[in-house]
There are 2 protein chains.
Amino acid sequence: MQARSEKASRKSSAAGVAPLSDCTCFAIRAAMRNVTQFYDEALSSSGLRITQYSILTRVFERGGLTMNELADLLVMDRTTLTHNLRPLQQQGFLELAVGDEDRRQRRVMLTPAGDEARLAARELWKVAQERFDAKVGADHARALRSALLAVAHTDLGVSRD
Amino acid sequence: MQARSEKASRKSSAAGVAPLSDCTCFAIRAAMRNVTQFYDEALSSSGLRITQYSILTRVFERGGLTMNELADLLVMDRTTLTHNLRPLQQQGFLELAVGDEDRRQRRVMLTPAGDEARLAARELWKVAQERFDAKVGADHARALRSALLAVAHTDLGVSRD
DNA sequence: AGCGAAAAGGTGTATGTCCACGTATTTTCT
DNA sequence: AGAAAATACGTGGACATACACCTTTTCGCT
């Protein structure tokens with residue numbers, strides 16, 4: 001029994017109906033799924049997922065940051081970061097140190113083993129990135145990346161903590 | 001102890017180093033997190049998440065599809081769809097029917113209760129969408145959506161099943 | 001008819017994501 | 001100093017995502 005509270009006989013893209021393809025959030029999530037699968041598959045032999053590679057790379061670029069600072073840089077919920085750090089800590093890729101001046105803080109440090117994993121994954125990442133650029137066009141990819149980073153840092157009025 | 005296998009004293013955006021901000025996958029995931037939080041918060045009083053709203057809307061637009069067909073339309077892994085349907089089934093918003101000709105198939109049907117939930121959420125979705133468009137500019141939002149849908153449907157060589 | 005390949009779908013596990021809530025520590029105010 | 005507020009962070013639960021593996025059913029071929 002298919003419910004029909006709107007006239008489904010006419011195309012749903014008609015004025016006022018708003019098909020799913022109009023939803024920016026659906027579009028970004030669908031694209032995310034496709035792109036993440038591609039990058040994760042490219043990185044698979046390294047044992048790192050793209051999220052983990054992102055975290056290790058950020059910590060390499062800016063080591064010794066607190067959880068809050070790192071989460072902000074990653075545009076990631078603080079508690080999400082806590083969960084995501086667990087497997088990386090268990091593998092010995094990252095370590096947490098209590099802050100010197102403020103003992104509430106946890107400073108995230110990259111270990112030598114973590115840096116090795118990052119370097120190995122970086123080679124695989126490069127291949128994926130180049131292949132993606134070739135698929136969609138390098139210029140378009142750069143423009144898209146720029147637009148996405150802008151959206152990522154746009155304050156949409158989400159109450160964060 | 002901060003590992004340093006590259007000269008971190010010079011800017012990591014220098015040639016050959018590839019900072020995290022160059023990663024298209026990180027950019028799309030970061031933007032996804034920000035945008036999803038915004039839409040989910042807007043939909044929260046409806047009891048639906050944006051993923052659930054997307055599924056209900058797709059089933060409304062194209063009812064009676066099989067799992068494979070629906071997963072393809074949603075650019076979602078088949079097994080992810082299976083998991084995502086569970087809470088919607090338990091709430092009585094969707095029903096699965098064994099296929100008439102092929103008993104392996106499951107046809108996904110929207111229930112009247114599911115359509116009610118969809119309609120209620122749609123009003124909240126509209127507000128979020130309009131507010132997003134106002135934030136980033138309607139033209140830019142439309143172009144971004146279009147580009148993201150194209151990326152979502154680009155064959156990047158991911159082996160699906 | 002019967003057998004092996006292919007297709008449709010579910011389950012289990014691990015990670016990713018975020019909210020509500022709780023704990024420990026620091027800061028602020030009186 | 002001491003209480004209250006603010007801050008930094010963790011935990012538990014629910015949904016989101018995808019891979020490896022499994023079962024059921026259908027198809028293709030002899």
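Chain letters run A, B, ... following the sequence lines, proteins first and then strands; every chain starts at 1.
For the OP1/OP2 pair of C:dT15 and a distance below 4.0 Å, the side-chain nitrogens and oxygens of A:R49 include no atom meeting the criterion. For A:R103, a side-chain nitrogen or oxygen approaches OP1 or OP2 of C:dT26 to under 4.0 Å.
Atom P of nucleotide D:dA18 and atom CZ of B:R86 are separated by 17 Å, given to the nearest angstrom. A straight line from CD of B:Q37 to P of D:dC15 spans 18 Å, rounded to a whole angstrom. The distance from atom CG of B:N34 to atom P of C:dG16 is 19 Å, rounded to the nearest whole Å. Look at CG on A:L70: it is 11 Å from P on D:dG10, rounded to the nearest Å.
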Base versus backbone protein contacts along nucleotides 1-8 of chain D [heavy-atom cut-off under 4.0 Å; B, S, -]: -----BBS

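Between the base of C:dC18 and the side chain of A:H83 there is a donor-acceptor pair shorter than 3.5 Å. For A:T79 and C:dC19, a side-chain-to-base donor-acceptor distance below 3.5 Å is present, hydrogens and geometry of angles not being considered.
Contacts of B:T51 with the nucleic acid, taken as non-hydrogen atoms under 4.0 Å apart, involve only primed sugar atoms and P, OP1 or OP2. Nucleic acid contact for B:L96: sugar-phosphate only, since backbone atoms but no base atoms lie under 4.0 Å from a heavy atom of the residue.
The side chain to side chain donor-acceptor pair (under 3.5 Å) search around B:T51 returns A:R29, not counting sequence neighbours. In terms of the salt bridge (Lys or Arg N to Asp or Glu O under 4.0 Å) criterion, residue partners of A:R49 (sequence neighbours excluded) are, by chain and number, A:D40. With sequence neighbours left out, the side-chain contact (heavy atoms from CB on, under 4.5 Å) criterion links B:S21 to A:L149, B:P19. With sequence neighbours excluded, the residues forming a side-chain contact (heavy atoms from CB on, under 4.5 Å) with A:R58 are A:E61, A:L70, A:L73, A:L74, B:L20, listed by chain and number.
Between the side chains of A:R103 and A:Q105, no donor-acceptor pair of N or O atoms lies under 3.5 Å.
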Let me check something: any side-chain donor-acceptor pairs from residues 133-143 of chain B under 3.5 Å, sequence neighbours excluded? List them with distances.
| from | atom 1 | to | atom 2 | distance (Å) |
| --- | --- | --- | --- | --- |
| B:K135 | NZ | A:D155 | O | 3.3 |
| B:D139 | OD1 | B:R142 | NH2 | 2.7 |

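Taking the nucleotide of DNA chain D with the nearest heavy atom to each of B:Q52 and A:E69, the more 5' of the two is matched to A:E69. Both B:T82 and A:Q90 sit near DNA chain C, but only B:T82 has its closest nucleotide nearer the 5' end.
Between A:Y53 and A:I50, the closest side-chain pair of non-hydrogen atoms falls below 4.5 Å.
Each of C:dA20, C:dG10, C:dG16 was ranked by its minimum atom distance to the side chain of A:N84; first place goes to C:dG16.
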